[in-house]
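Numbers here are sequence positions counted from 1. Remember, predicted model here, so these are calculated numbers, not experimental data.
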Amino acid sequence: MTFTDDLLTAENVAQYLPLAGHLPSIPGRIINVTHQIPYNIIRSPPTMTPIENDYTQPPTPPYSPSSSLDNTTDEERESVDLFRKMHQRQHIPTGAPISKVARHHRRQGTLRVKFHAADWTVVQGRGHGALYAGLQSLSQNWETIHIGWTGPIRVAHSKKSVPAESIAEGDKEKLEGLLWETGRIVPIFLDNKANGHYEGYCKEILWPLFHYLVWTNATDGRDEQQYWKDYVAVNQQFADTIVSRYKAGDIICIQDYHLLLVPEMVRARIPDAAIGIFIHATFPSSEIFRCLAARKEILKGMAGADLVGFQTYSYARHFISSCTRVLGYESTLVGVNANAHQVSVGTFPIGIDVERVDKFRKQPGVRPKMEAIRAMYAGKKIIIGRDKLDQTKGVLQKLHAFEQFLHDFPEWRNQVVLIQVTTPTVHGANKLETKVSELVSHINGVYGSLEFTPVHHYHQDIDRDEYYALLSAADVGLITSVRDGMNTTSFEFIICQHEERHSPLILSEFTGTAGSLSAAMMVNPWDAVGVARAINEALSMSPEEKLTRHLELYKHVTAHTASFWAHSFVKQLVSCTEQRTLQSHATPTLDTTLLVDSYNKAQKRLMFFDYDGTLTPIVSVPSEARPSPKMLKYLQTLCDDPRNEVWVISGRDQQTLDEWLGSAVSNIGLSAEHGCFLKPAKAEHWTNVLDDVNMGWKHDVTEIFEYYTERTQGSFIEFKKSSITWHYRMADAEYGAFQAKECQNHLENAIVSKLPIEILIGKKNIEVRPASVNKGEIVKKILAQHASADFVICAGDDKTDEDMFRTLSTARLAHTQAPFSITVGPPEKKTMANWHVKTSEELVEVLGRMAGSM
């Protein structure tokens, strides 16, 4: 490399910046994982004539909006008719056109038939258009595959579905092959657990909780337990499919709350995989999330990913807060630290396929319907609302606000009409529908007349042309969701308003799009008076302000498309994976065979062990960390060998070490309070290393610690002879960490800068001690007394033990054998040690191996 290659030019630096303009290089494929594939699979009844698999043209790419029914074959037209007939029988009727204009033309690009195989018909489905458009856009730059559930497989001309277990293996293979050839899709055939997973756990447990609808009905929990078992089983089936398809260099992108356990399941099988998960729904505050019985399992499952994405910053913040409060993970600048696995958390607002929406709104059938709607309400201002009929969409709040508007601004009576379309939901909402109907009748009764009806409510599915005609004809768009992860209607409204009307958008601040559409008129749907005032302002807005607001909204929607969302997420995931590789300080797993072999050959051995987290696991209450009988047995065996010098160097006080170790193990050396007190083997009394050190600083430090203890519930002070420790393990995770930082700053400014003391930041504690003493100094002193030692082992788990590792890394031993410095924790942990074991139990087993080799 030449000198000029090393210059910090803008081009060179940009290569290392996340989300830089260039596309990252992915050595493998992108594995997109969604709960359901974007196709409907229909099985013809046995009496119907099978459709032969003899299409002549290659299949079109999945989700393509450009395919036309005018160019399809007779067989494809037949399957479209079959599909339509099935849905006419199965779904709620579309109802009369709102515009009173019937559809007589053949719409283009509505249904794209992909293939036929024997008695199977596969048709591209509707719904989740933004998601599938975003994922499909990735195939333009990288090789992609798509894994998902087939969805319910229906029998044509009936409401029956085909159980996956009843489908012959030959038919499954045929469907798998044709789906792969068509769109590189890997279908998952779920058995009867699919219902417990989706209709049960997802819709009855997760969806209400995520939308702040905490359950009100007390149950015995049996249904919930079965739902959870089904949820785990389905997630495991997805994980197994991903693992079976995974190749080195692939990156895995998992979508939404149906698959929250999959990242951890895949991580357990493929530790180095690049895994991202994006949550399209809302994510509740930790106070709500804590109501979930399986809260820990859900969070651990999500934390198996390298990147967790959300629609808004608040959702991301709620996730981080839940991780710190429920799991005790530490938050970092980029996310959370899940047991030394860095989980990045980001915000990636999704967009729509602008070209597709723009094409649909320009279809021949849209303008006649739009003109008919304007003619029906000539001289009136039209407010449009279109929502699913469920509690989160705020339809009742919208109607109350409109009633308030008519009350507060009587000049608009008989001048404004609200057209509210509520799409029926699968689960039904009969009580809510009744309330909506009653409120509509009430408003029309109070403010309407024989000649004029202020509210027109349509509880039905509407034709696509009808939908875009409504959005195009509106004078105001009104969205009052009380909790909504994403609301693409707001984006589609902006696109439909671009060429002519530039009508303003009133948007609830509780939608996922609110943070992106700052030029919209934000409202609190619970504040009827505020919404009414916003409606008046929108109707009275000048053309200049309408245009200014619209252009800003339009610029955002056209720039932040579904494709932009998908590419941003993938770029950030690749960046996270690269950073993990660059910053990896992977410490090799301890080679026990090498250690035992070196131990057996040595003539003089030195052993240094930390106590908490090393010889025993970390516990919430320090007094409960008593030594296990097995560990005491192994230590005693090692101490009985005259060639061994065994030391336990701990932060514990003298009395505790005497009680737990000194009285149970003979010939063991003890060091208390991080090296401030020593008690060599066979000694009867402790030696105070700090006899000549001024301890007058204790009073000032105690006052500071007491100040924060009074203000941090669950914290307490531990007094030792040479140090003082403030513990906040039992305090609220976030507030405790915040107070710890404040306390540390207070100590550094008021005490440390003036006195010879230092601060140790431990695991949920802050310790203040004299600067002249630490564990490394004690190890250095003992090494000097045993210069002939030809085997040294040192084990610890936290920052205070790094002093020992640092001393050993620079020590000159009698022989060339390097010391075995062992940290307890994951391999990614930053440490001066040269080996690692994952848990304290593993280290105890290492002691057993050494003790058993004698």
Side-chain angles (χ1 to χ4, degrees), residues 352 354 357-358 361-362 366-367 370-386 394 397-420 447 452 454-456 468-481 487 489-511 513-525 527-560:
I352 59 173
V354 173
V357 172
D358 199 50
R361 77 179 181 90
K362 293 178 180 178
V366 175
R367 178 159 288 278
M370 181 182 71
E371 292 174 351
I373 293 172
R374 297 300 308 178
M376 288 167 57
Y377 304 105
K380 312 294 184 185
K381 296 289 187 179
I382 301 174
I383 301 175
I384 294 296
R386 191 262 192 175
Q397 285 79 3
K398 182 184 302 184
L399 293 172
H400 281 300
F402 186 67
E403 180 183 14
Q404 188 71 43
F405 162 73
L406 295 176
H407 176 271
D408 293 349
F409 301 95
E411 65 271 19
W412 286 109
R413 296 175 189 174
N414 299 323
Q415 302 299 317
V416 178
V417 60
L418 169 63
I419 302 176
Q420 175 63 47
Y447 297 101
F452 180 73
V455 180
H456 293 257
Y468 286 111
L470 280 171
L471 296 185
S472 301
D475 291 293
V476 175
L478 183 56
I479 298 172
T480 56
S481 305
N487 191 297
T489 301
S490 57
F491 293 149
E492 292 166 335
F493 175 82
I494 293 166
I495 298 298
C496 289
Q497 290 290 324
H498 182 56
E499 291 183 355
E500 296 183 21
R501 311 191 66 80
H502 308 142
S503 299
L505 172 66
I506 300 175
L507 183 63
S508 166
E509 62 189 55
F510 298 114
T511 62
T513 55
S516 304
L517 303 179
S518 57
M521 303 176 69
M522 297 299 167
V523 293
N524 176 359
D527 177 13
V529 174
V531 179
R533 191 181 303 115
I535 294 174
N536 177 63
E537 292 175 5
L539 294 173
S540 307
M541 189 176 294
S542 66
E544 294 78 15
E545 184 178 355
K546 287 182 182 180
L547 180 60
T548 301
R549 285 176 176 268
H550 172 77
L551 290 178
E552 185 175 341
L553 294 171
Y554 185 79
K555 180 180 179 181
H556 173 85
V557 173
T558 53
H560 296 80

Under the ring pair (Phe, Tyr, Trp, His ring centres under 6.0 Å) test, residues paired with Y447 that sit two or more places apart: none
Looking only at non-hydrogen atoms, find the nearest pair between T513 and N487 and report the distance. CG2-O, 3.6 Å
Does H400 have any side chain to side chain donor-acceptor pair (under 3.5 Å) partners at least two apart in sequence or in another chain, and if so, which? none
Scan residues 529-544 for pairs that pass salt bridge (Lys or Arg N to Asp or Glu O under 4.0 Å), counting only residues two or more places apart or in two chains. none
Mind checking what makes side chain to side chain donor-acceptor pair (under 3.5 Å) contact with D408, not counting sequence neighbours? Q404
Partners of N536 by side chain to side chain donor-acceptor pair (under 3.5 Å), sequence neighbours excluded? W412
The criterion is salt bridge (Lys or Arg N to Asp or Glu O under 4.0 Å); which residues satisfy it with E371, sequence neighbours excluded? R367
With sequence neighbours excluded, what pairs up with Q420 under the side chain to side chain donor-acceptor pair (under 3.5 Å) test? D387, K398
For S503, the side-chain contact (heavy atoms from CB on, under 4.5 Å) test, sequence neighbours excluded, returns F493, Q497, R501
Tell me every residue that passes ring pair (Phe, Tyr, Trp, His ring centres under 6.0 Å) with Y377, counting only those two or more places apart in sequence or in another chain. H456
Once salt bridge (Lys or Arg N to Asp or Glu O under 4.0 Å) is applied, do any residues pair with K362, and if so which ones, sequence neighbours excluded? D358, E499
Which residues pass the ring pair (Phe, Tyr, Trp, His ring centres under 6.0 Å) test with H407, sequence neighbours left out? none
With sequence neighbours left out, write down each residue that passes salt bridge (Lys or Arg N to Asp or Glu O under 4.0 Å) with R374, or none if nothing qualifies. D475
